[in-house]
K.L.:
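Just dropping this structure here.
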Protein chains: 2
Amino acid sequence: MTMSLPADLWPDVKPDAARRLMYAAVESFAKVGFHGTTTRDIATAAGMSPAALYVHFSSKAALLFAISRDGHERTLEMVQRVAGTDGSPVDRVRLLVERFVEWHARRHVVARVVQYELEALPADEYTTVAALRRRIEQVVQSLIADGVKDGSFTVPDEKIAARAVLSLGIDVARWYSERARKTPKALGREYATLVLRMLGSSAQ
Amino acid sequence: MTMSLPADLWPDVKPDAARRLMYAAVESFAKVGFHGTTTRDIATAAGMSPAALYVHFSSKAALLFAISRDGHERTLEMVQRVAGTDGSPVDRVRLLVERFVEWHARRHVVARVVQYELEALPADEYTTVAALRRRIEQVVQSLIADGVKDGSFTVPDEKIAARAVLSLGIDVARWYSERARKTPKALGREYATLVLRMLGSSAQ
DNA sequence: TCCTTTCCTAAGCACACGCTTAGCGTGCGG
DNA sequence: CCGCACGCTAAGCGTGTGCTTAGGAAAGGA
């Protein structure tokens, strides 16, 4: 694994061969995209023959969907967990940004696939994933709206502000690498400071 | 042109057939990526045969490079023009963000290729483009550093702040579409407000 | 008008690609 | 032990891909 993927991805995927295929696929999808990745690339990297992929997944696109759906579900769980915490809107947005940015930095290989390889999904699968994305956005928007309502935040347009907050996290997936100067956690903290300022909070 | 590309791209490209190929290519590259685009896709969309592409460009990748290099050069010119204006650091960063965001919104098809299709460039071409990217980043960093120096901005880490500013603009290329509620100009203005806040400026 | 250059097209080449099929080996359960 | 299910592999299929080549048409210049 040249990109040092976390060893704890997809713990429930069985058998091990299927998981190995997902590891191989996510790496290549992140590097050269879905269309730039051949089934032979994936199989070779997983130490198998190309036909083995079809024992575990119905198609190359099914592999992509498995990765994309799981990544979106993880992200949605994360933002929902933040939304379920006690605390002021400021505390919650701070925590949200820390967690969101940290996830995209630590998981930048997966995140790159999750954020940028949507077009390659077949239509039904795309619909599933798009719904998850909308829910993530809605959680972020409602956290910001809470802050506006209680006077902690002042933004000209809540939707654009939420979009900007998401953008900062999502773009981390594009640029972050192991050679980055900041750890994912440190980056998350720093970005949270920037975001709270952006939202007009005096508590930073 | 299904994605309503601006009619004024690449005015110096001659003959017209070469320009038509670039229009066809940028649209498909933006939609399905370089690897997802075949020479037949490009040629058909340009009303030619696949062999015609090779009259004007030495390879499919040469087409990508032409688009990518020009997009980066346009962006660099833009940020350098802003850096060359009179005005306070706050004014210049405001203008920078307005222009950068506006460019990525208005030109989101080209920008998508410029920002996200780097990996497909051959090594030498990538080196050329990467150098342009670094120069763009340096201009942005120096504008922010000017503001820190004169006390208009306070940021924990100038590089991360510059990265965040660039991220906001770059990610516009990913999400912006003709159905967006804001015009590129309005979006640029709003993002400028958010960025100046983020940088800790009281002048917004 | 003639010649040269430019701009194409149609056809084809040498591979590559996603996927299927036949067969084999291994492990498990009765 | 035997039979079955599972997990593969090797080989191959049908189609697709980037690119080349031969040839023709059109445009421009002398």
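Lettering follows sequence order; numbering is per chain, from 1.
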K.L.:
Side-chain contact test, heavy atoms from C-beta onward, threshold under 4.5 Å: evaluate it for Tyr176(B) versus Pro184(B) and give yes or no.
P.N.:
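Answer yes - side chains close enough.
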K.L.:
Where along residues 116-128 of chain A does a heavy atom fall under 4.0 Å from DNA chain C?
P.N.:
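Result for residues 116-128 of chain A: none.
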K.L.:
Nearest-Å distance, NZ (Lys14(A)) to C1' (dG7(D))?
P.N.:
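So the two atoms are 16 Å apart, to the nearest Å.
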K.L.:
Measure the shortest side-chain to side-chain distance between Val165(B) and Met198(B) over non-hydrogen atoms and say whether it is less than 4.5 angstrom.
P.N.:
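The answer is yes; the side chains approach within 4.5 Å.
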K.L.:
Please work out which of the three classes, parallel, tilted or perpendicular, describes the rings of Tyr23(A) and Trp10(A), given edges at 30° and 60°.
P.N.:
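It falls in the perpendicular class, over 60°.
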K.L.:
Reading nucleotides 6-23 of chain C 5' to 3', which nucleotides get B (base under 4.0 Å from a protein heavy atom), which S (sugar-phosphate only), which -?
P.N.:
-SBBB-B----BBBBB--
K.L.:
Show every side chain to side chain donor-acceptor pair (under 3.5 Å) that has at least one partner inside residues 116-136 of chain B, sequence neighbours left out.
P.N.:
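Those involving residues 116-136 of chain B are His35(B)-Glu119(B), His72(B)-Arg133(B), Gln115(B)-Arg133(B).
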K.L.:
Do Val109(B) and Phe29(B) come within less than 4.5 Å of each other through their side chains, counting heavy atoms only?
P.N.:
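Val109(B) does not reach Phe29(B) side chain to side chain.
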K.L.:
What residue pairs, at least two apart or across chains, pass salt bridge (charged side-chain N to carboxylate O under 4.0 Å, His left out) with a residue in residues 64-76 of chain B?
P.N.:
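Pairs touching residues 64-76 of chain B that pass the test: Asp70(B)-Arg74(B), Arg74(B)-Glu77(B).
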K.L.:
What pairs of residues pass the salt bridge (charged side-chain N to carboxylate O under 4.0 Å, His left out) test when at least one of them lies in residues 164-175 of chain A, not counting sequence neighbours?
P.N.:
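For residues 164-175 of chain A: Asp171(A)-Arg174(A).
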K.L.:
Show every salt bridge (charged side-chain N to carboxylate O under 4.0 Å, His left out) that has at least one partner inside residues 136-149 of chain B, sequence neighbours left out.
P.N.:
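Only Arg92(B)-Asp146(B) qualify under salt bridge (charged side-chain N to carboxylate O under 4.0 Å, His left out).
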